[in-house]
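Structure record follows, encoded as structure tokens.
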Amino acid sequence: MSPGRHLVVGATGQVGGALLRHLGERGIPALGTGFRRAAEISVDLGDPAALHALLESVRPDVVLLTAAFTHVDGCERNPALSRRVNFEGPAAVSAWAAAHGAQVVFYSTDYVFDGRNGPYSEDDPVHPLSRYGADKRLAEEAVLALGARGLVLRTAWVYSWETAPQNFMQRLALNLAAGETARVPDDQWGNPTYAPDLARATLDLLAAGASGLIHAAGPRTMTRAAFARLIAETFGLPADRVIGVSTQSLGQTAPRPLQAGMKVERLRGLLGWVPCPPESVLPDLARAHPLA
Ligand SMILES: NC(=O)c1ccc[n+]([C@@H]2O[C@H](COP(=O)([O-])OP(=O)(O)OC[C@H]3O[C@@H](n4cnc5c(N)ncnc54)[C@H](OP(=O)(O)O)[C@@H]3O)[C@@H](O)[C@H]2O)c1
């Protein structure tokens, strides 16, 4: 059966961009939207009328919802915007999908947990600490209500080499290469996840007919500071310029889950593989983009 028309909402981002490339490589018809950055189509996930008009004109069989208001402190400061973009937009897409028999893939986060006793499995209870985490959880529920047509992929610490670098890995490497030091939390745990691997896993899961809630992340849980030192060492940059600090000392607006991270056994069981750990990915990135 043909995989149908795919719509990637958030194709100017890391995950959406990787998805669009992988869809193209597999010969699957796909369209991608942007918001502030230029793309084939532009849409604001927080504007229900524009969203509805887009869905009615494209009539996708599968909507891949990578777009989000991802600035965690920004969400805390502007909860109305977070609610519109991170919950109401995905809920509206889910309602449209329910009425039209379409599938929805939604990207969520381990910020749905409180970080008291991670790493977490899909069966562990959620308890978001921040507005971002709470709105992502509400959106998860809306997508999961689609049953066999809803797929929620929780991911974390996504990285790749971007043209306009926004991700932690690339910014850290570029800042160290520019001679800066980096104060990085040594009490936050998570799973570094390579965006192209996440895109590949998504398409393999869709091809396998997967639905429901799946942790889709790299297999290793580490501290942010350990990830930063690994990045520095792999790129041949001075790891002693990574200063481990407590999350509290950073004075951020939104609380962060500390002992977070996710178990990825469900994903491994479904696919037979999981995204590569950073020690396998970073050496190739460092060779392709030398900074030292
Ligand atoms: N990155 C991580 O470490 C991480 C961790 C856990 C979960 N996630 C989740 O994974 C998903 C993908 O993350 P990512 O790393 O690809 O994010 P990203 O690189 O920051 O991309 C975000 C995308 O959302 C779009 N966007 C932002 N506000 C929008 C709005 N109001 N309406 C429509 N589009 C909007 C952006 O468009 P423009 O750039 O054109 O404005 C961009 O395409 C997100 O749902 C995020 O919550 C990410």
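First listed ligand is number 1; within each ligand, the first listed atom is number 1. Since this is a predicted model, take the numbers as computed values, not measurements.
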Check your understanding: Is Val15 close to ligand 1, meaning an N/O of one under 3.5 Å from an N/O of the other?
Key -> yes
Point to revise | Non-hydrogen atom of Trp157 closer than 4.0 Å to ligand 1 | key: yes
Review point. Is the closest N or O pair between Gly34 and ligand 1 shorter than 3.5 Å?
Key: no
Check your understanding: Could an N or O of ligand 1 be found under 3.5 Å from any N or O of Thr155, whether backbone or side chain?
Key -> no
Check your understanding: So which protein heavy atom does atom 33 (C) of ligand 1 come closest to, and at what separation?
Key -> Val43 O, 3.1 Å
**Study point:** Side chain, backbone, both or neither: Asp44 near ligand 1, heavy atoms under 4.0 Å
**Key:** both
Check your understanding: Should Arg84 be listed as contacting ligand 1, given a heavy-atom distance under 4.0 Å as the test?
Key -> no
Check your understanding: ligand 1 and Tyr132, any nitrogen or oxygen pair closer than 3.5 angstrom?
Key -> yes
Exercise for review: State plainly whether the residues Lys136 and Asp110 are in salt-bridge range, i.e. N to O under 4.0 Å.
Suggested key: no
Check your understanding: For Gly10, is at least one N or O under 3.5 Å away from an N or O on ligand 1?
Key -> yes
Exercise for review: Could you check which of Leu51, Val9, Thr12 puts a non-hydrogen atom nearest to atom 42 (C) of ligand 1?
Suggested key: Thr12
Practice item. Looking only at distances, please establish whether an N/O atom of ligand 1 is found under 3.5 Å from an N/O atom of Leu45. Key: yes
Exercise for review: Nearest heavy atom to atom 7 (C) of ligand 1 wins, so pick from Ser108, Ala156, Pro192.
Suggested key: Ser108
Check your understanding: Do ligand 1 and Thr66 have nitrogen or oxygen atoms that lie under 3.5 Å from each other?
Key -> yes
Review point. With a 4.0 Å heavy-atom cut-off (strictly under), which part of Lys136 contacts ligand 1: side chain, backbone, both or neither?
Key: side chain
Check your understanding: What part of Asp110, side chain, backbone, both or neither, has a heavy atom within less than 4.0 angstrom of ligand 1?
Key -> neither
Practice item. Name the closest protein heavy atom to atom 25 (C) of ligand 1, giving the residue it belongs to and the distance to 0.1 Å. Key: Ala67 CB, 3.8 Å
Exercise for review: Please name the pair of heavy atoms, one in Ala139 and one in Pro90, separated by the smallest distance, quoted to 0.1 Å.
Suggested key: CB-CB, 3.8 Å
